[in-house]
Amino acid sequence: MAKFQPLQAPKGVSEYYPVRSAIFEFVRESLIGSAKSSGYQLMELPVFEDTELFKRGVGESTDVVSKEMYTFEDRGGRSITLRPEGTAGVMRSVIEHNLDRGQLPVKVWYSGAFFRAERPQAGRYRQFYQVGIEAIGVNDPEIDVEVIAVAARAFAGLGLKNYTLEITSLGDLESRERYTKELRTFIATLNLDEETARRAEINPLRLFDDKRDEIKSAMAKAPVLLEYLNESSLKHFERVQELLTVLAIPFTVNKRMVRGLDYYTGTAFEFVHHGLGAQSGIGGGGRYDGLMSQLGGAELSGIGFGIGVDRCVLACEAEGIALPSSFGIDLFIVPMSPAAKGASLELAERLRSLGLIVDIAYGDRSLKGGMKAADKSGAKYSLVLGDDELSTGTAALKNMKTGDQLSVTIASLHDVVRQEITNASHS
RNA sequence: GUGGUCGUAGCUCAGCUGGUAGAGCACUCGGUUGUGGUCCGAGAUGUCGCGGGUUCGAGCCCCGUCGAUCACCCCA
């Protein structure tokens, strides 16, 4: 007999299955809900795109593009890449379908899997999930703050507490160029090893992120980008800070914040959670001035963020956040006879169509087994249905938390359960 | 891609200097002929990650490989 290697998921992917999948769903739906509250609309895009899109959009010098993409040739000989981030695809679609010619700003949200071929680590996966939004076509500080507020409201809604918001401004293209020149001059005076010098060559800002003490202390003396902002960039950034204060969204200015993707300009921000490992960023984003035109669209500025769903799940777990009870089963039916099995299914379907979450003890289980199943399901109420109940049309509705039983007619079951749940949630 | 640690039951792990596997929890059934959670009793469950080597004998030693985990690079 041939032996089979047990099949396993590819390296570094995250999977969510019961019971933990409920937390994932809760987190994702909360994030999406926050975006919808601010008027963002769904953009459902392909998970793979022409490789060229990411090379041009994200930037060939970035690590993401140069060494972390899942790129392959399809049957037609086209170079295809599994999306490593969301913004480039959104821009492509906006341009392709001329959304930028309609009313501005274009406000969209997206959610789904993204792919980067990195060494897996806590909170970092090769396939990971993000919820993101983009607001394209308006360059107001007000919309910058709206975008940040969507994320802040989402995190607050999840019940997260142990995180901070860091913001900075990377300046417009002109300010940035002036600064980068100065920074390169400064870096040239440092005695760097070959590898570090090469990284600095690609993007000198990266050195601010180095974790080695000697580099950190050397970079403490480096010129700071914020001091090179021209007047309009500075004004914009100051207004963003004012508005965040008005909305009571706490933040700190991080003068040395680094963003990994090349397209960011102006406002940049990052939410950092303090209960995670090295991968502590739960969400981040910023403004991008040149991206649309670089991809062949109009000269429009945009701003957006990506939030890591996986990392938010880890953050919720780290903070011991409990799922809201609305995620649970309302009623669990335990049938006691062959006739009751069919009747239970019929009853369950009727209640389900009225909006209750209902499950049944399937299989030929003893009453005790059925009640155990009801208990394990976490259902709020249970109902035993046997031949007696079928003939009298009444049954005992049991509150699984208190153990109390209430005699109800099967016909009124929906109304009674609804009423009970409402009462319970108000007490 | 680089480095550290680790893979034994569904889960968490024990297994002495090599002598052919165990606990707790979970699961199923019963004690209670129609009521779960507690208690008591019984039962089922392992390619010891995979492949090779050393040995009379390998869960334990060696090599390789796959995976996990933590950190670096980088990022959600």
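Keep in mind that this is a model prediction, so the values were computed, not measured.
Judged purely by distance below 3.5 Å, without hydrogens or angles, the side chains of A:Glu134 and A:Tyr288 pair a donor atom with an acceptor atom. Inspection of the A:Thr265 and A:Arg176 side chains reveals no N or O donor paired with an N or O acceptor under 3.5 Å. A side-chain donor from one of A:His236 and A:Asp144 sits under 3.5 Å from a side-chain acceptor of the other. The closest side-chain donor-acceptor pair between A:Asp359 and A:Ser377, if any, does not fall under 3.5 angstrom.
A:Leu314 has its CG atom 13 Å from the C1' atom of B:rU69, to the nearest Å.
B:rG22 and B:rU45 are spaced 13 Å apart, taking the C1' atom of each and rounding to whole Å. Taking atom P in both B:rC60 and B:rG43, one finds a spacing of 31 Å when rounded to whole Å. Rounded to whole Å, the separation between the P atoms of B:rG1 and B:rC62 comes to 25 Å. B:rG59 sits 14 Å from B:rC13 when the C1' atoms are compared, rounded to a whole Å. Here, B:rG49 and B:rU55 have their P atoms 23 Å apart, quoted to the whole Å. Comparing the C1' positions of B:rC72 and B:rC16 gives a spacing of 38 Å, expressed to the nearest Å. For the C1' atom pair drawn from B:rU20 and B:rA26, the interatomic distance equals 28 Å after rounding to whole Å. The same atom, P, is picked in B:rG7 and in B:rG36; the two are 42 Å apart, to the nearest Å.
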Per-nucleotide protein contact string for nucleotides 70-76 of chain B (B base, S sugar-phosphate only, - none; heavy atom under 4.0 Å): SBBBBBB

Nucleotides 31-46 of chain B: protein proximity per nucleotide (B base, S sugar-phosphate only, - neither; heavy atom, under 4.0 Å): B--BBBB---------

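No option in A:Asp415, A:Asn423, A:Thr422 other than A:Asn423 meets the side chain to side chain donor-acceptor pair (under 3.5 Å) test with A:Gln419.
Residues A:Leu82 and A:Phe48 form a side-chain contact, since some pair of their non-hydrogen atoms from C-beta on lies under 4.5 Å apart.
Scanning RNA chain B for stems, defined as runs of 3 or more consecutive Watson-Crick or G-U wobble pairs whose donor-acceptor distances all fall under 3.5 Å, gives the following ranges: B:1-7 with B:66-72, B:10-13 with B:22-25, B:27-31 with B:39-43, B:49-53 with B:61-65.
The ring of A:Tyr129 has its center closer than 6.0 angstrom to the ring center of A:Phe24.
Between A:Lys341 and A:Asp364 there is a salt bridge, with a side-chain nitrogen of the basic residue lying less than 4.0 Å from a carboxylate oxygen of the acidic one. Of the charged side-chain nitrogens involved, at least one lies within less than 4.0 Å of a carboxylate oxygen, so that A:Glu146 and A:Lys107 count as a salt-bridged pair. Ion pairing between A:Arg352 and A:Glu349 holds under the 4.0 Å rule for side-chain N and carboxylate O.
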Test ring-ring contact (aromatic ring centres under 6.0 Å, His included) applied to A:Phe251 and A:Phe269, step by step: CA-CA 10 Å; A:Phe251 64 92; A:Phe269 58 94; over 10 Å; no

